[in-house]
Protein chains: 2
Amino acid sequence: MSMEYRYKHPHPAVTTDIVVFTISDGALKLLLIKRGQEPYKGTWALPGGFLEPNEDLSQCAQRELQEETRLQNIYLEQLYTFGNPERDPRERVVSVAYYALVPIMDNLPVAGSDATAVSWYPMDKLPPLAFDHVEIVNLAQKRLLSKLNYTSIAFQLLPETFTLSEVQTVYEIVRNEKLDKRNFRKQITKLGLLEDTGELRRNGSHRPARLYRAVCRNKVQLID
Amino acid sequence: MSMEYRYKHPHPAVTTDIVVFTISDGALKLLLIKRGQEPYKGTWALPGGFLEPNEDLSQCAQRELQEETRLQNIYLEQLYTFGNPERDPRERVVSVAYYALVPIMDNLPVAGSDATAVSWYPMDKLPPLAFDHVEIVNLAQKRLLSKLNYTSIAFQLLPETFTLSEVQTVYEIVRNEKLDKRNFRKQITKLGLLEDTGELRRNGSHRPARLYRAVCRNKVQLID
DNA sequence: GCAAAAGTGTTATCCCTACACCCATGA
DNA sequence: TCATGGGTGTAGGGATAACACTTTTGC
């Protein structure tokens, strides 16, 4: 394809970048991709790419996300749009940033579609990032933290069924503080978002834990 | 200028649209502009326009806002980015929406730079809007309402100095409900955001009201 | 029986809500 | 003196925060 696209006025390129969070090994982690081309070749960066002519912004983010993780039904929300004229050395690029939450899993998928390196990094040990991606990541973390307080977003970081201790762990890791077990359970159950599955999980050599399900896992809602 | 801009891949046009709110005559009002050209010629629309090659997104919004209102130092915040491929019939347009808050004024400026009609509409009597602007306006109103609860954004709708009753009026109009005077005053003063100017405003035939100033009017901050 | 995580209540404090009257002024 | 909006306090109920022991299981 050597076709050219012509416009009477200058048009910036538009991309989406996705901040993909998950929790594993007791830490909040971020999905990064090692760039295979200039600029910033060899530097870690957020997954993302150019907007196709006939897709909506969220479709673009979803497509890019799936190309990197092969994951379906991942929670995805628009974060902010970054348009500093200098943010990409090649040309003017406006990037619509999204963030995504991948549920806790035993085997985190990282298979990239091509030979590029893909890896989960703990938020407190991030490598240097390309472009203005540090800024995007910081904003996403701030948003996640504050949404935890007034929405049911935490369940997007949990699998279909989970124990109350696992919910508490999500809150503790994202907020980076220990919480009181009894108070936490009172609060979280009072919200009416949890349904007891009636099943138990027998884990190690200790009392089994009740398994719960989020009443509406498909939509994040305001609470209180 | 008959110059053409060429790209190897299709690039959408990028615009900003601004949802400009103010309060007057006891109602939340929105600044609208009657379109002078197709598409949607003669229909009311949000102020906004194309991103220039060397300006940041917020600069673009600020510039468009100033061209319509001649106002400086207006609070401006990015809202959301709209990119439905069908949202503009001419070409693919991605619009970064902002919202702006204009303080209560006696003489609201509406002088457009050119001959276009510019007008403030009460939110409960909006005319039909061009493009997807209804959607943008609804989202902005929702955002304003929720930010009122956890930030000091209300002071952006007030002049330099103001009475407690005026603050209460802002809350009542945006939230569309009456509030208890004593409880409101206790809450708002407890936040530590208000500074007593020591001056009084003598208004009508009643006791004069104390005038207050927002401690940090230049930055909107989280409260609680 | 012992280690390890699950589960469970009470009390003191703070915050929110409901509610009604006096004050200072201009006409 | 009257009409108008400005200004003030208290009491009851509900939410929040601090705090420790028993239960169930696997080994």
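As the structure is a computational prediction, the values presented were derived from the model and not from experiment. Side chains are part of it too, since the values below use all heavy atoms of this structure and drop only hydrogens, waters and symmetry mates. Every chain is numbered from 1 and lettered A, B, ... according to where its sequence line falls, protein lines coming before strand lines.
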What residues form a side chain to side chain contact (heavy atoms under 4.5 Å, CB included) with A:Gln168, not counting sequence neighbours? A:Glu172, A:Leu179, A:Lys181, A:Phe184
What is the distance, to the nearest angstrom, from the CZ atom on A:Arg207 to the C1' atom on C:dC2? 17 Å
Taking side-chain hydrogen bond (donor to acceptor under 3.5 Å, both in side chains) as the test, write out the residues that go with B:Arg175, two or more places apart. B:Glu177
Which atom pairs, donor and acceptor, lie under 3.5 Å between side-chain atoms of residues 188-197 of chain B and protein residues at least two apart or in another chain?
from     : atom 1 : to       : atom 2 : distance (Å)
B:Thr189 : OG1    : B:Arg185 : O      : 2.6
B:Thr189 : OG1    : B:Lys186 : O      : 3.1
B:Glu195 : OE1    : B:Arg213 : NE     : 3.3
B:Asp196 : OD1    : B:Gly198 : N      : 2.8
B:Asp196 : OD2    : B:Arg210 : NE     : 2.8
B:Thr197 : OG1    : B:Glu199 : N      : 3.1
B:Thr197 : OG1    : B:Leu211 : O      : 2.7

Report yes or no: does B:Tyr98 contribute a side-chain atom to a donor-acceptor pair with the main-chain N or O of B:Asp17 at less than 3.5 Å? no
Sequence neighbours excluded, the answer for salt bridge (Lys or Arg N to Asp or Glu O under 4.0 Å) partners of B:Lys147 is B:Glu77
Can you give each donor-acceptor pair under 3.5 Å made by side-chain atoms of residues 22-30 of chain A, sequence neighbours left out, with the distance rounded to 0.1 Å?
from    : atom 1 : to       : atom 2 : distance (Å)
A:Thr22 : OG1    : A:Val102 : O      : 2.7
A:Ser24 : OG     : A:Lys29  : NZ     : 3.2
A:Asp25 : OD2    : A:Lys29  : NZ     : 3.0

As a check of understanding: the bend across the helix from C:dG1-D:dC27 to C:dA27-D:dT1, end axes from five pairs, rounded to 10 degrees, works out to 0°
Strictly under 6.0 Å, is that where the ring centroids of A:Phe162 and A:Tyr212 end up? no
Span of DNA chain D in contact with chain A (heavy atoms, under 4.0 Å): D:dT16 to D:dG26
Taking side-chain hydrogen bond (donor to acceptor under 3.5 Å, both in side chains) as the definition, give me every residue that meets it alongside B:Ser152, ordered by chain and number, with sequence neighbours left out. none
Let's see if you get this right: which residues in residues 180-204 of chain A place a heavy atom under 4.0 Å from DNA chain D? A:Asp180, A:Arg182, A:Asn183, A:Lys186, A:Gln187, A:Lys190, A:Gly204
Of all of residues 145-174 of chain B, which get a heavy atom below 4.0 angstrom from DNA chain D, listed by number? B:Ser165
Quick one: which residue pairs count as a salt bridge (Lys or Arg N to Asp or Glu O under 4.0 Å) with a foot in residues 124-138 of chain B, not counting sequence neighbours? B:Arg87-B:Asp132
Parallel, tilted or perpendicular: ring planes of A:Tyr80 versus A:Phe82, cut at 30 and 60 degrees: perpendicular
Quick one: side-chain hydrogen bond (donor to acceptor under 3.5 Å, both in side chains) partners of A:Tyr121, sequence neighbours excluded? A:Trp44
Which of parallel (below 30°), tilted (30 to 60°) and perpendicular (above 60°) describes A:Tyr75 and A:Tyr99? perpendicular
